[in-house]
Undergrad: 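Here you go, one structure.
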Amino acid sequence: MATYPRYLAYLGLTFLGLLGLVVTINYQVDPYLIHQWDSPLLQRLTIAQQKIVPWGKTYAAYRYQPDLVFIGSSRTEIGLPTELPQFADQRVLNLAISGASLKDAINMLRHTSYFHRPRMVVWGLDYGWLFGLQGGNSDFAEELIATSDLYPVKRFLLNLKRAASWTQTVETWKILLGTNTRQCLPILASRGHKSDECLKIIMADEGGTAFAFDKIINQGDPSAVPQDTAGTLAALDQVTQDYCRQGVALRFFLSPVHALAELSYWQDVLPAHEQWKRDLVTIFDQRRQEGCDIRFRDFTGFNRITTEPVPQVTGKDEMRYYWEYSHYSAEAGKEILETLLPASPPPVDTGFGVDLTGATIDQHLQNFRRQRGEYCASHPWETRNLPACQRSAAEDGSGSGSGSGSGSGSGSERVSESP
Amino acid sequence: MVFSSFNFLFLFLPVTLIGFFLLGRRDEHWAASWLLLASLAFYVSWNPAYLPILAISIVGNYLAYQRIQQVAEAHKRLWLILAVTGNLLLLGYFKYANFFIRSVNDLTGAGLHPLDVLLPIGISFFSFTQIAFLVDARHGRAADVGLWRYALFASYFPYIVAGPVLNHKDLLPQFADRRNYAFSAENLTVGLSLFTFGLAKKLLIADNLVPVVDAGLSGDDPQLLAAWIGILAYSFQLYFDFSGYSDMAIGVSRMLGFQIPFNFDSPYKSTNVSEFWTRWHISLSRFLRNYLYIPLGGNRHGQFNRYRNLMLTMLLGGLWHGSNWTFVIWGGLHGLYLCVQHGWQTWRGEGRPAPTRGVRFFSQVLTFLAVLLAWVFFRSPDLGSALEVLRGLVGLNGLAVNPAIGPSELAMVALGAFIAFLMPNTNQIVLYVGNRFPDAQAAFSLIRVQWRPTLGWALAMGTLLVIGLLNLDKTAEFIYAQF
């Protein structure tokens with residue numbers, strides 16, 4: 001029998017030895033790629049639905065120190081590509097994260113700015129519960145945000161702590177044994193943009209684009225309205241002031257969900273939704289008057305992208321601009337970037353989006369309401385279960401029966417709008 | 001900061017231990033002060049806003065204790081009543097005011113607005129611990145103690161969040177003994193072993209039962225099999241969660257050199273409900289017996305009063321757990337069980353031969369089923385949910401099993417049952433010799449395992465600690481921390 005001190009020594013050695021071994025291996029293999037940049041590990045195939053992405057993105061921001069950043073929710077993460085020809089000589093990073101609330105987006109911006117002030121920020125905004133200072137992505141812990149020059153040390157310790165986990169150990173073993181799921185390149189391989197390759201796998205797992213649209217056509221998908229909008233607007237006001245003072249160009253946009261989602265999400269809260277847009281315009285106009293390089297463009301509504309015919313109508317499995325009703329593709333994202341990055345709006349109507357200012361907002365909202373009615377009327381089959389359309393028809397007396405009957409396969413009409 | 005966190009394990013605990021032993025070599029008063037400071041820091045880590053409440057409670061109770069010591073015999077009772085009332089008002093305001101308002105609203109439709117109060121962590125534990133101290137002080141059964149040592153006793157970090165409910169007789173004499181401030185490899189080793197077992201019970205068993213409980217009970221209208229699997233899983237989750245926490249608390253205290261009585265002793269091996277309460281949450285049972293049941297008259301004034309006292313004690317014991325009628329019903333059920341048991345024993349008379357193995361087995365199954373039934377109310381957020389589960393348990397919602405419950409979920413329940421029913425408990429493995437709570441009987445065990453400071457045990461415990469540590473990132477909240 002050992003004495004108590006000897007027992008403690010044995011136990012301590014066992015504990016430290018085993019823990020050290022596990023943590024070292026997990027840290028080296030880094031199954032979730034939480035601390036990789038410019039690393040060959042970023043070429044290792046992984047599961048399409050990557051886990052704890054905020055860890056990897058915050059690390060990438062610290063290492064890469066991008067000039068042009070995209071922030072927002074999964075719509076921005078999936079929609080805005082980073083590997084366009086015009087970005088060839090720029091350090092571009094998509095720092096949007098799935099489920100990010102506005103608070104998360106602000107935190108991500110502050111985090112990346114701690115190391116290097118970006119030249120421009122492209123910021124995808126969403127109405128609904130994401131426009132809030134609570135909730136958001138549960139993996140995006142406050143501790144991941146840089147607040148001091150000791151961040152590299154803190155981050156190293158956090159990475160070590162994260163490596164001391166059973167789930168990482170299991171994933172590490174799978175990688176070492178070659179039994180892990182290898183579907184597509186990790187998100188950081190495409191500088192934070194979730195690649196089409198991964199999205200195709202995810203969509204196949206989820207049942208496909210048509211399946212997703214079945215839901216909204218048959219049931220609708222009303223979304224939660226934002227809480228404490230005033231507080232969130234105040235936070236947005238503050239952050240735009242901060243960055244404008246630093247000379248950072250800001251490009252805000254409203255993510256173009258599909259027209260059917262637009263009708264379904266906000267069917268009961270259209271006046272509040274409109275007021276929200278007006279409030280945003282007030283903030284951004286104020287910044288512009290202060291000399292800030294800022295633009296705000298609304299890509300939502302009923303335009304040539306958002307009214308793309310759904311698979312149920314076209315008979316095709318996929319859509320050009322949408323993965324499903326809430327998430328647009330990089331094809332739409334390219335157009336967003338092309339129209340949004342310049343200092344001024346395009347001189348001609350692109351049929352996709354309107355720059356919102358105090359001068360354009362009223363007309364835009366009027367057009368929005370009119371086009372909503374027109375869309376409902378021209379797409380009676382797709383919108384038959386959406387109360388917003390039924391109400392819209394009752395309001396304007398147009399009636400859903402006057403449409404073109406796209407349920408019979410005629411497709412949707414392009415509804416353009418003027419800025 | 002919970003015990004099962006990196007901050008506690010790699011920062012708070014090592015710093016506290018090292019500081020305590022270094023100061024203890026120099027002067028035990030410094031070490032005690034260090035421990036008090038650590039306890040307050042631990043408490044503040046939950047929410048700094050709670051600290052004034054704890055401080056008021058400690059200082060107020062200490063002043064009352066001094067008055068009780070100083071005043072003439074005729075006035076001691078008055079001061080005790082004042083102090084106990086103060087504690088109950090504090091507890092009542094933070095824990096029961098909204099319950100009262102809700103109940104009034106439900107009964108009368110008065111539409112009273114609930115108070116905007118946050119329940120201070122551990123208020124039930126530090127209030128009861130101090131009430132017991134004052135009651136004993138009134139009867140001259142409490143040792144003399146200064147404010148700082150009293151504050152350490154009342155805020156002692158191993159117990160303050162979720163117990164065990166401390167008794168001053170267990171701890172204050174140990175705080176007064178300077179030998180306990182010296183480093184002891186034995187205490188550290190035994191404490192670490194207990195802590196490791198507790199961590200493993202919490203993280204490897206209790207937390208892995210959470211999805212089974214959710215799959216079985218959380219949906220609307222749970223069906224027969226799902227409801228039974230769910231409530232079985234919950235009974236084991238609760239046991240391993242709370243007894244795991246208690247083991248950690250006792251282990252941490254033992255590392256420091258202070259022994260807290262154990263709180264669980266294989267309760268599901270009990271053959272009657274009375275025995276169950278000598279094995280489940282032992283420190284609370286002891287408190288309720290000594291400071292409620294016996295003062296109410298206990299069994300001294302006839303059968304009717306005995307049953308009344310049992311019911312009152314268990315109803316209030318249920319209410320202690322939380323401000324919800326479900327807890328009252330849970331306590332009431334246990335009170336009823338105890339009355340039935342005592343009535344049965346009275347009717348059968350004394351002097352009967354010892355029960356056969358078959359009878360004991362039947363008694364154990366019956367006791368477990370009774371306890372299981374009461375857990376339905378204990379877990380449910382409201383009476384409607386509890387009744388839905390009860391409907392499910394008798395098959396009124398259908399017979400199917402939730403598809404989320406697969407072989408691995410069933411295996412977890414089976415593992416919990418195997419350990420709870422057939423394996424030795426941590427007291428038997430680590431603490432069986434030299435424990436300070438000798439009332440409990442040795443529980444049945446299929447095998448005999450005795451921890452020893454050997455190489456084999458060191459390897460096993462080191463490995464178990466690492467496995468526990470690797471599961472820290474997905475730990476769920478301790479159930480009893482909410483009480």
Undergrad: Hey, which of B:T196, B:L188, B:L465 has the most heavy atom pairs under 4.5 Å with chain A?
TA: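 Ranked by contacts with chain A, first place is B:L465.
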Undergrad: At a heavy-atom separation under 4.5 Å, does B:L464 approach chain A through its side chain, its backbone, both, or neither?
TA: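 Nothing of B:L464, per the 4.5 Å heavy-atom cut-off to chain A.
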Undergrad: Please tell me whether B:F258 and B:Y181 form a close aromatic pair, meaning their ring centres lie under 6.0 Å apart.
TA: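 Yes, close enough.
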Undergrad: Under a 4.5 Å heavy-atom cut-off, does chain B meet the side chain of A:V23, its backbone, both or neither?
TA: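 Neither part, no heavy atoms under 4.5 Å.
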Undergrad: Suppose a student defines contact as a heavy atom less than 4.5 Å from any heavy atom of chain B. Which residues in residues 162-170 of chain A would they list?
TA: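 Within residues 162-170 of chain A, the residues under 4.5 Å from chain B are A:A164, A:S165, A:W166, A:T167, A:T169.
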Undergrad: Determine whether A:F115 and A:Y151 make a side-chain contact, defined as any pair of heavy atoms from C-beta on separated by less than 4.5 Å.
TA: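 With C-beta onward as the side chain, the pair touches.
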Undergrad: Step through it carefully: locate the ring centre of B:W34, locate the ring centre of B:F20, and say whether they are under 6.0 Å apart.
TA: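 Not under 6.0 Å, so no.
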Undergrad: Start with the C-alpha gap between A:E77 and A:N94, add the side-chain angles, then the distance that decides, and say whether side chain to side chain donor-acceptor pair (under 3.5 Å) holds.
TA: CA-CA 6 Å; A:E77 181 178 50; A:N94 187 326; over 6 Å; no
Undergrad: Please tell me whether A:H35 and A:F156 form a close aromatic pair, meaning their ring centres lie under 6.0 Å apart.
TA: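 Between A:H35 and A:F156, the centre distance exceeds or equals 6.0 Å.
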Undergrad: Show the numbers, then the answer: is there a salt bridge (Lys or Arg N to Asp or Glu O under 4.0 Å) between A:E142 and A:K103?
TA: CA-CA 11 Å; A:E142 294 265 348; A:K103 182 187 177 189; 3.4 Å; yes
Undergrad: Is the distance between the ring centroids of A:Y59 and A:Y62 under 6.0 Å?
TA: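 Yes, the ring centres sit under 6.0 Å apart.
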Undergrad: Taking every heavy-atom pair that is under 4.5 Å apart, which of B:W457, B:F6, B:F10 has the most such pairs with chain A?
TA: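 Of the options given, most contacts go to B:F6.
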Undergrad: Ring centroid separation for A:Y7 and B:W451, is it under 6.0 angstrom?
TA: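 When the ring centroids of A:Y7 and B:W451 are compared, they turn out to be within the sub-6.0 Å range.
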